[in-house]
Amino acid sequence: MPRGKTLALLLGLAIAIILADVFIFGIGHVDTGTYLSQIDGWRHFTFAVTDNPWDAFRAFKPLYGVLGLVGWFLSPVAVLLVVNAGFLFGLSVAAYLCLERLGFSKEETLLGTFWVMTAYPALGLGFAAGTDISGWFFCAATIAIALQAIRLESDRLLMLASLVGFLGATGKETGVLGLVFAGTYLLLVFFDRGFRRTLRSLAALCLPFLVLEGLLLFAISQAGLPGFFGWVTFNNALYADIHTLKYFIGAELATFGILWLPAALGAYALLARRIRTGAREWKLLAALGLAALIPIAWPTFTDRILYIQWIALVPLALYGARFLGLPRYRWILYLAPVAVSAVLLSIGGHDGLYRFAHYLANFL
């Protein structure tokens, strides 16, 4: 499919999700009030919002506040929605480029992008008045740039990936995970590339991010505002009762729904060598998998936090689809996951699954 038609198709998918969110699923978000007050705080150069003390903890994620200054002529909620509409389309493009550069065929790449965009967290929150979409976009964009840098052996592109990763970190914590993937992969190919070459590439990848993030944290500290570690400590205390195996399993099952089946099949096909792949593919999957594990350490298990694990799960599911080899019934691979996502949204997502499991346990 020509690039122009692919972009038009991805834009159409993003518009369809926006319309679904506006007319069916809604654009509200559990933290919408916090994000709106953050934008308002930046516009008035104050972060001590008395009706929302959480706002002070958002200082280490200033992206939307800065964008609110740029878009001063828009209301705070309009800023969120306009920016997130761009990030939603950007996610579709970045996800497509990621999967394409991982070596999947055009048809597999399109299928995987559809899965990324219609998993229930993205379907329900892609155009919500929140900031999760920024983390998903910047993570995917960083991975796509890093994969191109690896292919071309370009340290300049690794520096660009570092800058994009920093921008991602200023929007949502998950936005930095693309850098974790790139750094892990460079370490995994250490013996193939040699010490000096690897060290130079790691420096290109890490230094821009570390310098900029260090300056941001220093500015936050000088302003007397709590930073990232204060935010983690706050969440550890707040969610101690639900950071459990039960909530983890429920959120994981809900986040990707039926995609766990082809992903499990793909893992089997790879491990059993029913699908042949080279050392490069194994190392890429390992780096993606390690980056995807990090959200498990977050103080709470929710769909929108765990959703970033698509960077590892969707490639596995595509291997599963390749192993199935059902060209005549490929429409099932498109419709079944999105149908499950719609059902999950209708019952309240992972919270709905918890309630159903509780009801079933009492009934039995």
Side-chain angles (χ1 to χ4, degrees), residues 1-14 16-17 89-119 122 136-137 139-152 157 178 181-182 185 189 256-289 291-292 308-341:
M1 183 183 297
R3 287 285 184 182
K5 288 185 177 180
T6 300
L7 286 173
L9 191 60
L10 297 178
L11 178 60
L13 181 58
I17 293 173
F89 174 58
L91 174 64
S92 70
V93 175
Y96 185 92
L97 291 175
C98 282
L99 297 172
E100 183 181 58
R101 289 168 182 175
L102 285 171
F104 291 103
S105 68
K106 296 290 185 183
E107 185 174 7
E108 290 171 338
T109 297
L110 198 59
L111 175 61
T113 304
F114 184 80
W115 284 343
V116 171
M117 298 293 288
T118 58
W136 305 338
F137 163 72
C139 177
T142 304
I143 293 173
I145 295 169
L147 286 170
Q148 185 72 350
I150 291 166
R151 187 179 74 84
L152 298 177
L157 281 177
F181 152 74
Y185 180 78
V189 296
F256 297 103
I258 202 172
L259 279 184
W260 283 106
L261 295 178
L265 186 60
Y268 160 76
L270 288 169
L271 293 172
R273 297 187 179 181
R274 304 294 295 273
I275 293 178
R276 296 290 180 179
T277 54
R280 176 182 179 274
E281 286 75 17
W282 277 105
K283 290 174 181 177
L284 287 171
L285 284 174
L288 289 169
I308 198 64
Q309 294 175 331
W310 74 260
I311 61 177
L313 189 131
V314 166
L316 280 179
L318 287 176
Y319 281 119
R322 182 186 297 179
F323 180 66
L324 282 172
L326 297 173
R328 183 178 298 180
Y329 305 105
R330 66 169 64 88
W331 58 271
I332 296 176
L333 296 174
Y334 283 92
L335 293 185
V338 72
V340 171
S341 293

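Starting from 1, each residue takes its place in the sequence as its number. Remember, it's a predicted structure, so these values are computed and weren't measured experimentally.
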With rounding to the nearest 0.5 angstrom, report the CD1 to CZ distance, I275 to R322.
6.0 Å
Could you state the interatomic distance from OG1 (T6) to CG (L11), rounded to the nearest 0.5 Å?
12.5 Å
Counting distance only, does the side-chain N/O of W310 pair as donor-acceptor with the main-chain N or O of F256 below 3.5 Å?
no
Please round to the nearest 0.5 Å and tell me the distance separating atom OH of Y334 and atom CG of L111.
4.5 Å
Once side chain to side chain donor-acceptor pair (under 3.5 Å) is applied, do any residues pair with Y268, and if so which ones, sequence neighbours excluded?
R274
Would you give the length of the straight line joining atom CG of L285 to atom CZ of F181, rounded to the nearest 0.5 angstrom?
9.5 Å
What one should report as the nearest heavy-atom pair of L318 and G112 is CD2-N, 3.7 Å
Run the ring pair (Phe, Tyr, Trp, His ring centres under 6.0 Å) test against F323 and tell me which residues pass, sequence neighbours left out.
none
Walk me through it: do L259 and V340 pass the test side-chain contact (heavy atoms from CB on, under 4.5 Å)?
CA-CA 9 Å; L259 279 184; V340 171; over 6 Å; no
List in chain and number order the residues that pass side chain to side chain contact (heavy atoms under 4.5 Å, CB included) with L335, two or more places apart in sequence or in another chain; answer none if no residue qualifies.
W331
Residue pairs meeting salt bridge (Lys or Arg N to Asp or Glu O under 4.0 Å), one or both in residues 91-100, sequence neighbours left out, come to R3-E100, E100-K106
Sorted by chain and residue number, the side chain to side chain contact (heavy atoms under 4.5 Å, CB included) partners of V338 (sequence neighbours excluded) come out as F114, T118, L123
Looking at P315 and L102, what are the two nearest heavy atoms and their distance?
CG-CD1, 4.0 Å
Mind checking what makes side chain to side chain donor-acceptor pair (under 3.5 Å) contact with E107, not counting sequence neighbours?
R330
Heavy atoms only: give me the nearest G178-C139 pair and the separation to one decimal.
N-SG, 3.7 Å
Under the salt bridge (Lys or Arg N to Asp or Glu O under 4.0 Å) rule, collect the residues that match up with R101, sequence neighbours excluded.
none
Between W115 and P337, what is the shortest heavy-atom contact and its length?
NE1-CG, 3.5 Å
Nearest-0.5 Å distance, SG of residue C98 to CG of residue L284
11.0 Å
If you define the side chain from C-beta out and look only at heavy atoms, does anything of T113 sit under 4.5 Å from T109?
yes
Scan the side chains in residues 140-150 for donor-acceptor partners under 3.5 Å anywhere in the protein, sequence neighbours excluded, and list what turns up.
unit_1	atom_1	unit_2	atom_2	d
T142	OG1	F138	O	2.7
Q148	OE1	R151	NE	3.3

Residues at least two apart in sequence or cross-chain that pass side chain to side chain contact (heavy atoms under 4.5 Å, CB included) with A336, listed by chain then number, are I258, I332
Restricting to side chain to side chain donor-acceptor pair (under 3.5 Å), what partner residues turn up for W282, sequence neighbours left out?
T277
Among residues at least two apart in sequence or on other chains, which ones pass ring pair (Phe, Tyr, Trp, His ring centres under 6.0 Å) with F104?
Y319
Please give me the minimum heavy-atom distance between I17 and A122, naming the atom from each residue.
CG2-O, 4.2 Å
Working to the nearest 0.5 angstrom, can you tell me the gap between I311 CD1 and W136 CH2?
13.5 Å
Flag side-chain contact, heavy atom, 4.5 Å: Y96 against L7:
no
